[in-house]
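Worth knowing before you read on, the calculation uses all heavy atoms, side chains too, and leaves out hydrogens, waters and symmetry mates. Within every chain, numbering begins at 1; the chains are lettered A, B, ... in the order of the sequence lines, protein sequences first and strands thereafter.
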There are 2 protein chains.
Amino acid sequence: MTKTMSRAGRPRSFDQQVALGDALDVFWRKGYEATSLDDLTEATQLSRSSFYAAFGSKRELLLHAYRRYADAFYADMKTLADEHEDAKAALRAMIKALVDARPDDRGCFCVNAIVELAPSDPELAELGRAHIQRMCALLEELITQYGTRRPLARAQAATLMTLTMGSAVFRRALVAEDTLKSVQKQALGLLGLT
Amino acid sequence: MTKTMSRAGRPRSFDQQVALGDALDVFWRKGYEATSLDDLTEATQLSRSSFYAAFGSKRELLLHAYRRYADAFYADMKTLADEHEDAKAALRAMIKALVDARPDDRGCFCVNAIVELAPSDPELAELGRAHIQRMCALLEELITQYGTRRPLARAQAATLMTLTMGSAVFRRALVAEDTLKSVQKQALGLLGLT
DNA sequence: CACATTGTGGACTGAATGGTCCACAATGCA
DNA sequence: TGCATTGTGGACCATTCAGTCCACAATGTG
């Protein structure tokens with residue numbers, strides 16, 4: 001159909017992945033609605049035309065950003081799981097990573113996006129559920145690896161995920177860091193990891 | 001300073017509390033930024049002038065709504081606590097109420113507001129922390145009433161609160177209801193309430 | 001060098017935003 | 001009844017919004 005020969009044209013003056021990262025950062029801090037196109041073009045250093053050529057629209061960009069964040073998050077956890085031989089050690093490391101995080105008010109990008117947009121954007125809601133489910137599955141698998149039976153492991157994984165998202169809300173409100181630490185300890189106790 | 005005599009004037013044609021409730025409902029469903037003044041005047045049936053006379057501004061209205069919701073929430077939990085002689089029974093009822101809720105995508109108004117606005121509105125963030133703290137204190141007190149020692153009770157209360165807020169995120173994304181049920185069971189187990 | 005092709009700056013647009021203002025309505029009191 | 005006072009409808013305002021458009025820039029190819 002399309003001509004395949006003779007492509008040329010002016011080269012891009014920016015790295016799309018870098019720009020996506022910059023945009024993600026703005027959405028993460030300010031939320032979707034509160035982020036204006038001027039915010040985005042300033043953060044990415046793109047002109048409006050380049051911006052729309054690269055990302056289509058504000059909403060599409062958010063979906064790109066969501067996928068990018070969620071995939072990176074999952075990949076990090078999977079790496080953490082693979083690095084440890086012992087499933088218990090892996091879970092300890094993951095709980096530490098999940099609940100620790102940076103003590104700023106950014107929280108978790110997924111949580112922020114879901115809370116702000118899920119009811120009005122079914123596509124994003126679906127991405128959210130998919131991410132939650134795959135995280136739960138990863139946790140569940142790990143938990144079974146040291147003898148916990150399937151239905152209990154599933155419940156524990158869901159609980160761990162719930163704690164993670166709740167902690168993200170706590171962090172968004174800058175609740176005292178000690179509180180998060182004690183929740184973390186309780187999470188370890190719940191799984192029988194002393 | 002001000003004249004105290006002779007007040008009269010046209011009477012209000014609406015109930016401020018009802019209007020506040022209607023506005024709260026819109027904020028709850030759509031979030032703050034996505035709610036326009038037209039949305040609010042339509043939901044409350046107020047003209048713009050009455051709206052501003054009654055509530056000052058969109059942001060002030062949100063703060064009113066937040067206080068109203070948080071106070072009602074706390075009052076409900078306290079009632080639930082007082083109704084039961086047995087602290088364990090009270091906690092069981094509270095966990096049921098906290099995690100059950102309606103199976104729609106509204107989530108928890110406090111969680112929604114904190115996640116969307118806390119970083120950009122320190123006053124609301126403070127309201128959020130205060131609400132969390134008083135809820136935790138209530139839970140902690142109940143937990144100590146059947147013999148759990150103070151530092152542990154505090155950690156358990158914080159964990160319960162974290163689970164509650166995480167569940168609200170789950171609900172916002174319409175995660176399967178069974179998942180919430182199993183999290184609820186885990187919460188009971190955590191407190192040793194079989 | 002000429003041309004096709006792709007990228008870019010920034011002016012521009014119509015719609016929607018939160019908020020103001022004022023003429024008029026409805027009350028109590030003298 | 002007339003006046004002071006408070007409430008209300010809705011026109012109006014400046015600003016900001018997401019998105020479009022086009023003249024021009026920068027490349028590869030012939």
Side-chain angles (χ1 to χ4, degrees), chain A residues 1-20 22-24 26-27 29-66 113 116-117 120-121 123-124, chain B residues 1-20 22-24 26-27 29-66 113 116-117 120-121 123-124:
Chain A
M1 282 315 199
T2 55
K3 293 249 196 70
T4 51
M5 281 292 292
S6 75
R7 292 164 294 99
R10 179 172 172 175
R12 280 232 165 106
S13 67
F14 63 95
D15 181 327
Q16 183 147 1
Q17 290 307 311
V18 171
L20 178 56
D22 293 339
L24 162 56
V26 183
F27 280 139
R29 278 186 288 105
K30 306 187 53 164
Y32 178 74
E33 293 284 356
T35 298
S36 71
L37 250 84
D38 285 340
D39 291 332
L40 292 169
T41 51
E42 192 203 309
T44 57
Q45 298 280 39
L46 298 191
S47 71
R48 264 173 139 74
S49 41
S50 302
F51 178 90
Y52 277 93
F55 299 117
S57 72
K58 189 187 173 189
R59 177 175 168 276
E60 281 180 77
L61 172 58
L62 181 91
L63 293 179
H64 284 315
Y66 188 95
E116 186 183 354
L117 300 171
S120 63
D121 192 329
E123 195 174 342
L124 184 119
Chain B
M1 282 312 198
T2 54
K3 293 250 194 68
T4 51
M5 281 291 293
S6 76
R7 290 163 296 96
R10 179 172 171 173
R12 280 228 165 111
S13 65
F14 63 95
D15 181 329
Q16 184 147 2
Q17 290 308 311
V18 171
L20 178 55
D22 293 339
L24 161 55
V26 183
F27 279 140
R29 278 185 287 108
K30 306 187 51 163
Y32 179 74
E33 293 284 356
T35 297
S36 71
L37 250 86
D38 285 341
D39 291 332
L40 292 170
T41 50
E42 192 202 310
T44 57
Q45 299 279 40
L46 298 190
S47 71
R48 266 172 138 75
S49 40
S50 301
F51 178 91
Y52 277 92
F55 300 118
S57 72
K58 189 188 172 187
R59 177 176 169 275
E60 280 179 78
L61 172 58
L62 181 91
L63 294 180
H64 284 315
Y66 188 97
E116 184 181 355
L117 301 171
S120 63
D121 191 328
E123 195 174 343
L124 184 118

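Distance CZ (A:Phe14) to C1' (C:dT6): 12 Å, rounded to an integer number of Å. With rounding to whole Å, B:Asp15 atom CG is found 17 Å from D:dT8 atom C1'.
Using a 4.0 Å cutoff on non-hydrogen atoms, no part of residues 29-43 of chain A comes near DNA chain C. The stretch residues 51-62 of chain B has no heavy atom under 4.0 angstrom from DNA chain D at all.
Considering only residues two or more places apart in sequence or on other chains, A:Arg29 meets the side chain to side chain donor-acceptor pair (under 3.5 Å) condition with none of them. Applying the side chain to side chain contact (heavy atoms under 4.5 Å, CB included) rule to A:Glu33 yields the partners A:Glu116, B:Glu33, B:Ala34; only residues at least two apart in sequence or on another chain are considered. In this view, B:Tyr66 satisfies the ring-ring contact (aromatic ring centres under 6.0 Å, His included) rule with no residue, not counting sequence neighbours. Evaluation of the ring-ring contact (aromatic ring centres under 6.0 Å, His included) rule for A:Phe51 yields A:Phe55 as partners, not counting sequence neighbours. Contacts of A:Ser36 classified as side chain to side chain contact (heavy atoms under 4.5 Å, CB included), with partners at least two apart in sequence or in another chain: A:Asp38, A:Asp39. In terms of the side chain to side chain donor-acceptor pair (under 3.5 Å) criterion, A:Glu42 has no residue partners (sequence neighbours excluded). Residues satisfying the side chain to side chain contact (heavy atoms under 4.5 Å, CB included) test with A:Ser120, not counting sequence neighbours, are A:Leu117. For A:Arg10, there are no side chain to side chain contact (heavy atoms under 4.5 Å, CB included) partners at least two apart in sequence or on another chain. Here A:Asp22 pairs with nothing under the salt bridge (Lys or Arg N to Asp or Glu O under 4.0 Å) rule; sequence neighbours left out.
The base of C:dG9 has none of its N or O atoms less than 3.5 Å from a complementary donor or acceptor on the side chain of A:Arg48.
Of the inter-residue distances, the one linking B:Leu61 atom CG with B:Leu37 atom CG reads 9.0 Å to the nearest 0.5 angstrom. A distance of 7.5 Å separates OG in B:Ser13 from CG in B:Leu46, rounded to the nearest 0.5 Å.
Among D:dT8, D:dA11, C:dA11, the nucleotide with an atom closest to any side-chain atom of B:Ser50 is D:dT8.
Remark: A:Ser47 is not in phosphate contact with C:dT8, judged by side-chain N or O atoms under 4.0 Å from OP1 or OP2.
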With the sugar-phosphate defined as primed atoms, P, OP1 and OP2, and the base as all remaining atoms, what B/S/- string results for nucleotides 22-27 of chain C, 5' to 3', for protein heavy atoms under 4.0 Å?
-> ---BBB

